[in-house]
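Here is the structure we will look at.
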Amino acid sequence: MGSNPHQIHIAIIGGGIAGLALAAGLTKKSHISFHIYESVPSHADVGAGLALHANAIKAMALLGPEVRRAYFDAAVSVASEEDEEIATEVILAQGSHAGEKVAELGRAKGRKSVSRADLLAGLRGLVPAERISWGKRLEGIVDHGESGKGGVKMRFKDGTEAEADCVIGADGIHSVVRAYLLGEDHPATKPKNHDGWQVYRTLVSVEDARKQIDEKWTKGVPILLGPSGHVNCIPMNKGTRISAGVAVRGGALEGGGAKKLDPELYADYSEEAKKIVRMVAKDTTASWSVGDHDHAPFYSKGCVAMMGDAAHASLPFAGNGAAQALEDAAVLDHLFGLVRQVSRVEAALTAYDAVRRPRSQAVVNLARAFGRVYAYAEGDIHENPQKMREFFAGAALFTNEADLKKQNDEAVKTYESSIRGRSKSCADNSEQDTGSGFE
Ligand code: FAD
């Protein structure tokens, strides 16, 4: 627990985008103390380039101007001019409509993309170093405080234990906290790869990429579609490297591993797409096997909750996984701003669940639908570019254009009505009111 008895102590499991973003917000709240337990000894340069859409930027702004700034400092401009409008261009690369653009996702002035490692470094810079323990892998939650004898007890792989008033699992797709909340054997606990997706990926320097693919795709963010796989490129590391990938439905082998990426299968694709496939096929060591979560029936129980990929890992195709993690952080941070008593933590987590679960699970569904549309596997939609445009426009409206201030307000309303309706302690029976808070 925190050394100050007047503070609410939160343990954040996992220092990825979700955990660090939440911590960046909580750092500014004097009635909250927190500690991040991160399993790796340090952050490695892993992860694809992220194209954060408008809802991600809005969520960061709600967490604070410095959070938004950390992103913009780490990001690389996709546009050559700051005020040039840029979008992810979704283009058919195969079939009778090859060459037709069917969507412009995340259109924004001065549109940026960022490497996961650079974004993590930026967020880490906002969190006091002493609030993060590295090399601390959570193994289990021993007791979540319902006994009324205190807070939530955690056990780590190194044999140590810790206690907090509240535990937030931001521990990614294979979350231990999720397994604790839902149960090891719950059908939604473990991630699945329903359509056998494999993302073949390579990282190359921009100079190297220029020799192999069309110059425009060393700067832009294309997604080139077809039934053998969809192809994309994202500039990273301040424009010095390109992350290029080919995502293949049915590319993963049952029981692990993947089929070899075969450029011959792309013979009927557009020339620009074929060049990218050939570049990726040369070195697929940076590949990902992807998966997502079937819907969890709840995101919190007592004073334990999950967020980010731990709660709702999605396929990467809607480009909104990190954005949803940031939306979680914005809502949790806002709610914790109001919680001044440990007995109200549970109500805050229930409000978080009520507001965030439906929306984030809808994004999991949407990402699956994106995958099928990209692979020409959603009926005959690929035969009708106009229908495709309508699909993408509807999706953008739901993800990017969401009113996140309203989402925060709704969470507060749910919290308020919940604490009016009940007064239930989930942790410390002898707690004191530590401040005014919401009344
Ligand atoms: P993670 O990033 O997985 O972080 C979890 C952290 O918890 C890690 O640091 C891990 O080491 C730690 N941890 C795990 N287990 C334990 C434990 N037991 N104890 C302690 N610590 C633990 N999203 C977008 O918005 N836009 C995109 O363009 C985009 N592209 C993507 C492309 C690909 C190929 C993939 C795979 C994903 C993409 N995403 C994108 C999704 C995005 O990367 C994730 O949604 C996001 O990183 C989730 O963050 P997180 O913090 O919840 O989880």
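Counting convention: from 1, in listed order, for ligands and their atoms alike. The basis for the numbers below is simple: all heavy atoms, side chains too, and nothing from hydrogens, waters or symmetry mates.
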Backbone or side-chain N or O of Val290 under 3.5 Å from ligand 1 N or O: no
Test of proximity, Gly19 against ligand 1: N or O pairs below 3.5 Å: no
Per-atom contacts, ligand 1 versus Lys136 - under 4.0 Å to a heavy atom: 19 (N), 20 (C)
Aromatic Phe317 / basic Arg372 pairing, under 6.0 angstrom, 45° off normal: no
Structural part of Arg116 in contact with ligand 1, heavy atom criterion under 4.0 angstrom: side chain
Expected output: side-chain Tyr352 to main-chain Ala305 donor-acceptor under 3.5 Å: no
Sub-4.0 Å heavy-atom contact, His53 with ligand 1: no
Any donor-acceptor pair under 3.5 Å from Ser287 side chain to Arg201 backbone: yes
Leu50-ligand 1 polar pair, N/O distance under 3.5 Å: no
Matching residue for Leu349 among Leu332, Val304, Leu335 - test: side chain to side chain contact (heavy atoms under 4.5 Å, CB included): Leu332
Within 45° cone and under 6.0 Å: Lys136 NZ/CZ vs Tyr37 ring: no
Axial cation check for Tyr266 ring with Lys275, 6.0 Å and 45° limits: no
Sub-4.0 Å heavy-atom contact, Ala323 with ligand 1: yes
Salt bridge present between Lys216 and Glu272 (N-O < 4.0 angstrom): yes
Sidechain N-carboxylate O distance under 4.0 Å for Glu161, Arg155: no
Sub-3.5 Å N/O-N/O distance, Ala18 and ligand 1: yes
Which of the ligand 1 atoms, numbered from 1, are nearer than 4.0 Å to a heavy atom of Gly308: 52 (O)
Under-4.0 Å heavy-atom contact with ligand 1, by part of Leu52 that carries it: side chain
Ligand-side contact atoms (ligand 1) for residue partner Tyr37, heavy atom cut-off under 4.0 Å: 20 (C), 21 (N)
Ligand 1 to Gly319 polar contact by distance, N or O atoms, under 3.5 Å: yes
Axial cation check for Phe156 ring with Arg137, 6.0 Å and 45° limits: no
For ligand 1, the portion of Ala170 having any non-hydrogen atom under 4.0 Å away: backbone
Main-chain N/O of Asn400 paired with Lys58 side-chain donor or acceptor, under 3.5 Å: yes
Atoms of ligand 1 close to Arg137 [distance to a heavy atom under 4.0 angstrom, numbered from 1]: 15 (N), 18 (N), 19 (N)
Atoms of ligand 1 close to Asn320 [distance to a heavy atom under 4.0 angstrom, numbered from 1]: 24 (C), 25 (O)
Val176 and ligand 1 - part of the residue with a heavy-atom distance under 4.0 Å: side chain
N/O separation below 3.5 Å, Ile13 to ligand 1: no
Atom indices of ligand 1, in the order listed, that fall short of 4.0 Å to a heavy atom of Val40: 11 (O)
Distance filter under 4.0 Å to Gly172 heavy atoms, resulting ligand 1 atoms: 3 (O), 5 (C), 53 (O)
Near-ring test Phe370/Phe391, centroid separation under 6.0 angstrom: yes
Polar side-chain atom of Asp158 near backbone of Thr160 as donor-acceptor pair, under 3.5 Å: yes
